[in-house]
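Below is one structure, written out as structure tokens, with a few remarks after it.
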Amino acid sequence: MAAIVVRIRRIPRGSVQTYGGIDPEAPRLVGRVLATTHQDLPWHRVVRADGSLSQGQRQRELLIEEGVPMRGDRVDMKLARRKHFSGCT
DNA sequence: GTGATGACGGAAA
DNA sequence: CTTTCCGCCATCA
């Protein structure tokens, strides 16, 4: 599980990663880790596979603040997965 | 030991 | 595009 924490820490600022993207074999664990781990993890950079947010408005703003490309109420995964993208909000 | 739950995912309708 | 259903691993009652 420590690996999961590490991977979450490695998510570049301005981009996001999905639960399954962090651990394809245990996306539920990733969620449990984020819920139980009290370290300073970039939890807001972890979104669902379809780009929908799990922590509501709160997470939304943090992502926008980091310049994560959004599409309505969800994250634009095509762009958000990479660190450099052409579009801007 | 079994059964239910959750910051989920993918397929099917 | 939406809703339903089943599978996933670890934890809890």
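Just so you know, these numbers come straight off a predicted model, no measurement behind them. Convention: sequence-line order gives letters A, B, ...; per-chain numbering from 1.
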- Sequence neighbours excluded, every pair satisfying salt bridge (Lys or Arg N to Asp or Glu O under 4.0 Å) that has a member inside residues 14-33 of chain A: none
- Item | Results of side-chain hydrogen bond (donor to acceptor under 3.5 Å, both in side chains) for A:Gln17 - residues two or more places apart only | A:Arg81
- Item | Footprint string (nucleotides 6-13 of chain C, 5' to 3'): B base within contact, S backbone only, - free, heavy atoms under 4.0 Å | -BBBSS--
- A:Asp73 CG - C:dT2 C1' separation (whole Å): 16 Å
- To the nearest 0.5 Å, tell me how far A:Leu29 CG sits from A:Thr36 OG1. 9.5 Å
Let me have the donor-acceptor pairs involving side chains of residues 41-49 of chain A, under 3.5 Å, with sequence neighbours excluded, atom names and distances please.
| residue | atom | partner | partner atom | Å |
| --- | --- | --- | --- | --- |
| A:His44 | NE2 | A:Glu66 | OE2 | 3.0 |
| A:Arg45 | NE | A:Glu66 | OE1 | 2.9 |
| A:Arg45 | NE | A:Glu66 | OE2 | 3.4 |
| A:Arg45 | NH1 | A:Ile11 | O | 2.7 |
| A:Arg45 | NH2 | A:Glu66 | OE2 | 3.0 |

- Taking side-chain hydrogen bond (donor to acceptor under 3.5 Å, both in side chains) as the test, write out the residues that go with A:Asp50, two or more places apart. A:Ser52
- Outermost DNA chain B nucleotides near chain A [under 4.0 Å, heavy atoms]: B:dG6 to B:dG10
Using atom types as modelled, flag every donor-acceptor pair under 3.5 Å from a side chain in residues 68-80 of chain A to any protein atom, sequence neighbours excluded.
| residue | atom | partner | partner atom | Å |
| --- | --- | --- | --- | --- |
| A:Asp73 | OD1 | A:Arg60 | NH1 | 3.2 |
| A:Asp76 | OD1 | A:Lys78 | N | 3.3 |

- Task: Determine the contact category for A:Ala49: base if any of its heavy atoms lies under 4.0 Å from a base atom, sugar-phosphate if only primed atoms, P, OP1 or OP2 are that close, otherwise nothing.
- Result: sugar-phosphate
- Item | side-chain hydrogen bond (donor to acceptor under 3.5 Å, both in side chains) against A:Ser54, all qualifying residues, sequence neighbours excluded | A:Tyr19
- Note on the structure: For A:Val6, the hydrophobic cluster (side chain heavy atoms closer than 4.5 Å, chained through members) also holds none
